[in-house]
Engineer: 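Next up is a structure, given as structure tokens.
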Amino acid sequence: AGAVARFEARVAAEDKIEPNDWMPAAYRRTLVRQISQHAHSEIIGMQPEGNWITRAPSLRRKAALLAKVQDEGGHGLYLYAAAETLGVSREELYAQLLSGKAKYSSIFNYPTLTWADIGAIGWLVDGAAIMNQIPLCRTSYGPYARAMIRVCKEESFHQRQGYEIMLTLSRGTAEQKAMAQDALDRWWWPSLMMFGPPDGESQHSDQSMRWKIKRFTNDDLRQQFVDATVPQGHHLGLTFPDPELRFDAEGGHWRFGAIDWAEFKAVLAGNGPCNRQRLKTRRNAHESGAWVREAALAHAAKRRARAAQPARAAE
Amino acid sequence: AGAVARFEARVAAEDKIEPNDWMPAAYRRTLVRQISQHAHSEIIGMQPEGNWITRAPSLRRKAALLAKVQDEGGHGLYLYAAAETLGVSREELYAQLLSGKAKYSSIFNYPTLTWADIGAIGWLVDGAAIMNQIPLCRTSYGPYARAMIRVCKEESFHQRQGYEIMLTLSRGTAEQKAMAQDALDRWWWPSLMMFGPPDGESQHSDQSMRWKIKRFTNDDLRQQFVDATVPQGHHLGLTFPDPELRFDAEGGHWRFGAIDWAEFKAVLAGNGPCNRQRLKTRRNAHESGAWVREAALAHAAKRRARAAQPARAAE
Amino acid sequence: MTSILVAQDAPPLLLHVLRLADTALVLGHRLSEWTGRAPMLEEELALANAALDYIGQARSLYDYAARLDGRGRTEDDLAYLRDTPDWRCWLIAELPNGDFAHSVLRQFLVAAALQPYWRALAASRDATLAAIAAKAEKEAAYHLRHAGEWVIRLGDGTDESHRRMTEALEDLWPYTGEMFEADAVEAALVAEGVAPDPLALRPAWEAMVARVLAEATLDLPAPCAWMQSGGRRGVHTEHLGHLLAVMQHLPRSYPGAVW
Amino acid sequence: MTSILVAQDAPPLLLHVLRLADTALVLGHRLSEWTGRAPMLEEELALANAALDYIGQARSLYDYAARLDGRGRTEDDLAYLRDTPDWRCWLIAELPNGDFAHSVLRQFLVAAALQPYWRALAASRDATLAAIAAKAEKEAAYHLRHAGEWVIRLGDGTDESHRRMTEALEDLWPYTGEMFEADAVEAALVAEGVAPDPLALRPAWEAMVARVLAEATLDLPAPCAWMQSGGRRGVHTEHLGHLLAVMQHLPRSYPGAVW
């Protein structure tokens, strides 16, 4: 109990908890779950955007998109590394993803249907992710906080890129404008769902707030996102697919309509448009690459054996 | 020896030899080789044209091309059936194709690079095939002759279709004309090679002529093809890629330049642009379909067993 | 501006004909992709045959749609110059072929819905649609029989084929619900006696599927499972765009050319 | 008329820059197709890195080609508005990825040719080309090292990986001869000191390949085997057309739009 009190005091004092420090089992568990889910989301998140790499409409966009998807893979890698400091192996975590046991952000179970979706993902999905992640740069667990600082820097670059795509489209031909509007129509509500269930229904919130893993509630972050994003959409000349959206001058907030939580739950339960496809793609890659990983191990073993040989001979 | 004499007399009298008739072993061997090579050519020949089914530029062309490729498969099937009347199984013949032991027409080892190639194949390749095959409608072996009658009828329809594609392109935009010319440039010489090596070097010719398996020499057929085709090409407004091509008014023939037999031999030896690809495609299809064929057999066996069950119970 | 948009507020009949056409063409295109790749030659030809049936249906339907549209467009304009969001096919049609199990199962599940649909549509008050449907019904009946036999053969074949059919069923089942949805567009046509109510045809489909899956020793999935939907609203899978990129390449590259 | 043709009788320098650009872009495109499909995450990122290098090289080269062309075309016009016969890449670049063995072996065989080529080209009398080459040489050196390590690892790994590498070597070898061909276009540039003679660089390539294959316990194919060729004349494999259909779909569908 003394350890718990000391731990909580450190957290309260905004001290960073480091891998070798004592921490409550539940803290460790929560972090492993959250960090690995975040890592999985980066990895699965490569797919919807990856879907447009071969069809990007200019060389500049092609290079930028490929670099962005590559960044996401990189984020996945250092988030796995952060999780590993808590005593789980990346293989274990990755196996949980492939088996469907671990979750990842539901937003990546929606399909990318036009080039405008690449803009919308950058603008809205990365925008929402940043809103979630900026507070995590100050989260109580050191390795996680440091990983998030790097992630956030790159994400905000991606977000600007996405907005710039939307801007180009909304200043383009009638067809391009229609494409941009259609993308906003499809991505707006799922982006709002990215902040998770309403505060009343959120399972892990209270303790996470106390442990400073989390610093704002889901609803707070969602409102921040809406407030930041709606003026950007208006600047694009686009209409949000929400007839109830209006500015509340008194509160200083954009008020929005009711979220379809039935859809949120269905997608979370595995019934989104692309859940099966996303996991299958990664499973197929993993299975059809098994011979490569085995060969790499076999070769490394041969090398070690050869390196040991002359040494023994010299004995 | 009496049997041989009687056989040869029947052939000389233009009698058809039928499956149950006596025939020299060499006659049988020659026919099996020739018919199965022809069947293989139809099957492999589906690939270069099949390559454009998904990219055919209009629904009418798409349907016509798919139907044509399907016809080729059908030709393959009844040619295999004709070969089977000579006491070999289709499985055996097909295995020879997949192993690379059996030959097929080298023309199908060239790639189809633009839509005009579909026109050029119909016009030139089917045109050359018909030239080769019309005499085969009167070949001495009955089942082969009857199969060829059906094949020839469909091929001449394909040939007209191909010419019509070339005509449309050569009456089209500058780019379409260039496409048609480029296709003629690439397919002309390989089409001439379809008639096989010059008479002096042809291995099987003499005996095949005597047995009325063959009725014209390679060079004769080649000349007939050139004479028929050059005016068609001129009607299209295209130029043949042969600076020596000229009309010999005295002989009444179009004289053409020297054929590059080194290329012919290289392609025949397996080094054409697509030899490996063509066989791999068929091998992959065969291998990845093994489970289907096994399942069909297993199911049929189950059915038979079930059908036998009540009969036995009733005994 | 080369993209030919048929607005969502076009007349219901035009929209509906286009939906039927899009599903037929996309299915035909997918089946045609089997050319050169089938497990046996006879099946390769059978798949090509079915592809030709679907492409033929699509042509009749696009031709009718173009006439209903009345702005001088052709069947090819409708097939080759519309981008993904303007397509109205069922999602199940656009899924990649997968292995032979996936392909014959899709062929079966779709034909089991289309055959009764065409039969009912053959009684449409719209004479053109009725004539197209009468012909398509015969084709669908053949597809249904042929594919159904394969479902049984592979379901009740080897362990491997049973496993593959089970996986195919899991993959495809969520896309079957969409075949029985009717939105306002369709409701209007149902009210006028121009089109049958797809929901009314569902029991026949369920009975057929239950019978064949039982004979194939495959478990019938829960019919009320979560279903995918969106094709009728232009919200597709990620696969359609790739299919269209290939299919439309030539007409898109040489605008105005005649082939 | 949207197809941008660079006639075969264009200035040799323009043609040559375009050839280098086409090979770089097509290779970059192929590598980018691995995204989401690689055997391990680290390699997926490494492949994407190489893809980015190639696409970057292509952009510099197209940009230079567009300036040499002098008719107001952009890098994107050259990449997105030319049809198959106008492309000038090596055939080896356009072959489908195949399995990981095929992809790393291609990466190795090509980098082993490109690295000495870029190094020699960095001494070109053409300052722009020399600058592009100097940068590309560093990238190629890294690709060569990375892919070479994989060739060794997989060749001298398991029986399965050895078998796959052997098959990849048989498949790709016939496409290596083309990398050392020099036609009249190139000869003209060699004479002027603008480009190196690829044939002179062949011994270095052969030595590198022999060394790595030996360490990989793979048999060196006969160097004088029959070779495929045609990319420099616009006579390609059947694969390039499919790649371009996908790559060019958007700019072809929306002519004149800015993205």
Side-chain angles (χ1 to χ4, degrees), chain A residues 43-44 46-67 69-74 76-77 80 90 94 114-115 119 165 168-169 171-173 175-176 179 278 281-282 284-303, chain D residues 25 28-45 47-49 51-52 55-56 58-59 62-63 74-76 78-80 99-101 104 149-150 152-165 216 243 246-251 253-254 256-259:
Chain A
I43 302 306
I44 296 292
M46 296 169 78
Q47 287 183 48
E49 290 173 286
N51 183 39
W52 281 90
I53 291 172
T54 58
R55 292 177 292 167
S58 75
L59 294 179
R60 181 171 76 94
R61 295 290 185 202
K62 194 184 193 76
L65 179 58
L66 182 53
V69 171
Q70 196 196 25
D71 281 349
E72 287 160 7
L77 282 182
Y80 282 128
R90 175 173 142 197
Y94 200 62
T114 75
W115 173 251
I165 291 177
T168 305
L169 294 175
R171 301 285 179 269
T173 67
E175 285 159 321
Q176 288 177 306
M179 228 180 242
R278 299 289 183 240
T281 298
R282 268 295 158 199
N284 287 346
H286 195 73
E287 283 163 23
S288 62
W291 70 272
V292 176
R293 298 189 300 276
E294 283 157 22
L297 289 175
H299 180 75
K302 283 183 190 178
R303 289 223 149 171
Chain D
L25 180 56
H29 187 96
R30 283 292 185 220
L31 287 171
S32 80
E33 291 174 347
W34 272 103
T35 306
R37 290 175 181 80
M40 51 189 85
L41 203 47
E42 284 81 354
E43 276 318 301
E44 193 155 315
L45 303 188
L47 290 164
N49 237 346
L52 280 169
I55 293 169
R59 292 188 64 189
Y62 282 130
D63 184 61
T74 67
E75 57 172 36
D76 289 328
L78 293 172
Y80 290 99
D99 64 3
F100 191 70
V104 295
E149 279 164 13
W150 270 109
I152 292 166
R153 213 171 274 139
L154 297 179
D156 187 25
T158 61
D159 288 351
E160 160 94 350
S161 70
H162 186 83
R163 185 188 63 68
R164 285 177 184 259
M165 284 303 291
L243 182 153
V246 170
M247 186 173 93
Q248 299 180 337
H249 185 244
L250 267 182
S253 297
Y254 302 92
V258 173
W259 302 94

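Everything quoted here is computed from the prediction, not taken from an experiment.
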Engineer: Need one label for D:A58: side chain, backbone, both or neither, based on atoms under 4.5 Å from any heavy atom in chain A.
Structural biologist: neither
Engineer: Is the shortest heavy-atom distance from the side chain of A:L77 to the side chain of D:E42 under 4.5 Å?
Structural biologist: yes
Engineer: Under a 4.5 Å heavy-atom cutoff, which of D:D159, D:T35, D:N49, D:L243 has the most pairs with chain A?
Structural biologist: D:N49
Engineer: Of all the heavy-atom pairs spanning A:A63 and D:L52, show the shortest one and how long it is.
Structural biologist: O-CD2, 3.3 Å
Engineer: May I ask you to test the A:R61-D:D76 pair for a side-chain heavy-atom distance under 4.5 Å?
Structural biologist: no
Engineer: Which answer fits D:E44, side chain, backbone, both or neither, if we ask what part of it has an atom under 4.5 Å from a heavy atom of chain A?
Structural biologist: side chain
Engineer: Could you tell me the separation between the CD1 atom of A:I53 and the CG atom of D:L31, rounded to the nearest 0.5 Å?
Structural biologist: 11.5 Å
Engineer: Do you know which of D:E43, D:E33, D:H29, D:E160 has the most heavy-atom pairs with chain A at a distance under 4.5 angstrom?
Structural biologist: D:H29
Engineer: Check whether A:Q176 gets within reach of chain D through its side chain, its backbone, both or neither, counting any heavy atom under 4.5 Å.
Structural biologist: side chain
Engineer: Given a strict heavy-atom distance threshold of 4.5 Å, which part of A:L59 is in contact with chain D: side chain, backbone, both, or neither?
Structural biologist: both
Engineer: Are the side chains of A:M179 and D:Y254 in contact, using a 4.5 Å heavy-atom criterion?
Structural biologist: yes
Engineer: Between A:R303, A:H286, A:Q47, A:K62, who has the most heavy-atom pairs with chain D when the cutoff is under 4.5 Å?
Structural biologist: A:K62
Engineer: Given a strict heavy-atom distance threshold of 4.5 Å, which part of A:L297 is in contact with chain D: side chain, backbone, both, or neither?
Structural biologist: neither
Engineer: What part of A:T281 gets closer than 4.5 Å to chain D, counting heavy atoms only: side chain, backbone, both or neither?
Structural biologist: both
Engineer: Out of D:H249, D:R37, D:R59, return the one with the most heavy atom pairs under 4.5 angstrom to chain A.
Structural biologist: D:R59
Engineer: Can you check whether D:P39's main-chain N or O pairs, donor with acceptor, with A:R293's side chain at less than 3.5 Å?
Structural biologist: yes
Engineer: Non-hydrogen atoms of chain D under 4.5 Å away: do they reach the side chain of A:R90, the backbone, both or neither?
Structural biologist: side chain
Engineer: Side chain from CB out, backbone as N, CA, C, O: work out which of these in D:Y80 comes under 4.5 Å of a heavy atom of chain A, or both, or neither.
Structural biologist: side chain
Engineer: Identify which of D:L250, D:D156, D:V258, D:T158 forms the greatest number of heavy-atom pairs closer than 4.5 Å to chain A.
Structural biologist: D:D156
Engineer: Please flag which part of D:I55 lies under 4.5 Å from any non-hydrogen atom of chain A: side chain, backbone, both or neither.
Structural biologist: side chain
Engineer: Counting heavy-atom pairs closer than 4.5 Å to chain D, which one of A:S58, A:G289, A:A298 comes out on top?
Structural biologist: A:S58
Engineer: For chain D, find which of A:G50, A:A296, A:G172 contributes the most heavy-atom pairs closer than 4.5 angstrom.
Structural biologist: A:A296
Engineer: When heavy-atom pairs shorter than 4.5 Å are enumerated against chain D, which of A:A285, A:P57, A:G74 gives the highest number?
Structural biologist: A:P57
Engineer: If you count heavy-atom pairs within less than 4.5 Å of chain A, which of D:G56, D:A79, D:G36, D:G155 leads?
Structural biologist: D:G36
Engineer: So what's closer than 4.5 Å to chain A heavy atoms on D:W34: side chain, backbone, both or neither?
Structural biologist: neither
Engineer: Less than 4.0 angstrom from a charged side-chain N to a carboxylate O is my criterion; do A:E294 and D:R164 meet it?
Structural biologist: no
Engineer: What I'd like to find out is whether the side chain of D:D99 reaches to under 4.5 Å of the side chain of A:W291, using heavy atoms alone.
Structural biologist: yes
Engineer: May I ask you to name which of A:I43, A:L66, A:T168 has the most heavy-atom pairs under 4.5 Å with chain D?
Structural biologist: A:L66
Engineer: What part of D:A48 gets closer than 4.5 Å to chain A, counting heavy atoms only: side chain, backbone, both or neither?
Structural biologist: both
Engineer: Using non-hydrogen atoms and a 4.5 Å limit, figure out which bit of A:R171 sits close to chain D: side chain, backbone, both or neither.
Structural biologist: neither
